[in-house]
Amino acid sequence: MGNLTTEAQQELVRQIGLNGNGELQRRVPRFICGTSRELEPEVRAGKFRENLYYGISGVCLRLPPLRQRKEDIPVLRDWFLSVAARDLAEPYRCLVRRPKTSFWNITGRETFGS
């Protein structure tokens with residue numbers, strides 16, 4: 001979301017149906033947006049449309065980067081591997097080539113055998 005061009009922001013405002021105050025005119029869309037940038041300073045600097053920012057910022061979840069939440073990595077790894085195992089109809093153990101302790105140092109390609 002933070003990397004949208006001015007033109008893309010303008011078109012999104014038009015498509016969503018926001019008026020100049022950030023209020024919805026006719027539609028009630030629900031969507032999830034994500035960005036690694038802080039949008040409030042971008043709005044103040046005029047780099048991000050204020051009406052779009054207030055139109056999409058109803059509920060904001062601010063999460064630190066994964067590198068600061070290393071305890072989440074095993075949980076996420078297990079979830080992604082279980083989904084891959086289900087989708088590929090393969091046992092979970094067939095998808096893991098190395099012990100869990102070395103997961104942080106290997107790539108997704110090595111993990112999933114692609």
Side-chain angles (χ1 to χ4, degrees):
M1 190 55 79
N3 296 328
L4 289 176
T5 64
T6 305
E7 294 79 20
Q9 291 176 38
Q10 184 175 6
E11 180 61 20
L12 187 55
V13 166
R14 191 181 73 73
Q15 290 293 326
I16 293 173
L18 294 171
N19 66 18
N21 301 324
E23 298 170 1
L24 290 171
Q25 292 177 345
R26 56 190 178 281
R27 300 180 195 139
V28 184
R30 298 182 192 275
F31 50 94
I32 298 173
C33 305
T35 184
S36 60
R37 300 169 78 174
E38 289 292 331
L39 293 181
E40 290 172 354
E42 301 272 335
V43 169
R44 286 192 295 274
K47 296 179 181 177
F48 196 86
R49 292 179 63 108
E50 186 174 12
N51 61 343
L52 178 56
Y53 174 74
Y54 289 109
I56 63 172
S57 62
V59 176
C60 293
L61 301 175
R62 301 196 192 295
L63 297 175
L66 193 54
R67 68 180 167 271
Q68 294 175 5
R69 301 179 291 127
K70 292 182 181 177
E71 66 277 2
D72 290 348
I73 293 171
V75 175
L76 293 169
R77 178 207 53 226
D78 291 344
W79 184 82
F80 283 113
L81 285 173
S82 68
V83 168
R86 184 190 67 223
D87 291 349
L88 297 171
E90 292 286 335
Y92 178 94
R93 292 281 177 212
C94 291
L95 297 175
V96 181
R97 292 186 179 177
R98 296 184 183 177
K100 291 181 178 185
T101 56
S102 67
F103 181 80
W104 181 250
N105 297 321
I106 63 176
T107 66
R109 182 177 299 272
E110 289 173 309
T111 303
F112 295 108
S114 303

* **Residues in salt bridge (charged side-chain N to carboxylate O under 4.0 Å, His left out) contact with Arg62, at least two apart in sequence or another chain** =>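 Per chain and number, Arg62 pairs via salt bridge (charged side-chain N to carboxylate O under 4.0 Å, His left out) with Glu40.
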
When rounded to the nearest 0.5 angstrom, what distance separates [atom1] in [X] from [atom2] in [Y]?
{"X": "Asn51", "Y": "Leu12", "atom1": "CG", "atom2": "CG", "answer": "10.0 Å"}
{"X": "Asn3", "Y": "Gln9", "atom1": "CG", "atom2": "CD", "answer": "10.0 Å"}
{"X": "Lys47", "Y": "Arg37", "atom1": "NZ", "atom2": "CZ", "answer": "7.5 Å"}
{"X": "Phe48", "Y": "Leu39", "atom1": "CZ", "atom2": "CG", "answer": "5.0 Å"}

* Asked: Considering residues at least two apart in sequence or located in another chain, which fulfil the side-chain hydrogen bond (donor to acceptor under 3.5 Å, both in side chains) criterion with Glu38?
  ->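 Glu38 satisfies side-chain hydrogen bond (donor to acceptor under 3.5 Å, both in side chains) with no other residue.
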
* Spell out, yes or no, whether Leu66 and Phe80 are grouped together once hydrophobic residues are joined by side-chain heavy atoms under 4.5 Å, including indirect joins. =>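 Result: yes, single cluster for both.
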
* Asked: Same hydrophobic cluster for Val83 and Leu76, using side-chain heavy-atom links shorter than 4.5 Å among ILVMFWY?
  ->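 Shared cluster, yes.
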
* Is Gln10 atom CD crowded by more than 12 heavy atoms from other residues, nucleotides or ligands, each under 6.0 Å away? ->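 Count not over threshold, so no.
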
* Asked: Do other residues, nucleotides or ligands put more than 12 heavy atoms under 6.0 Å from the CD1 atom of Ile32?
  ->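 12 or below, so no.
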
* Over all heavy atoms of both residues, which pair between Arg49 and Val43 is shortest? Give the atoms and the distance, please. =>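 Looks like O-CG2, 4.3 Å.
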
* Candidate list Glu71, Arg77, Lys70, test side-chain contact (heavy atoms from CB on, under 4.5 Å), partner Pro74, passing option ->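 The single option meeting the side-chain contact (heavy atoms from CB on, under 4.5 Å) with Pro74 is Arg77.
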
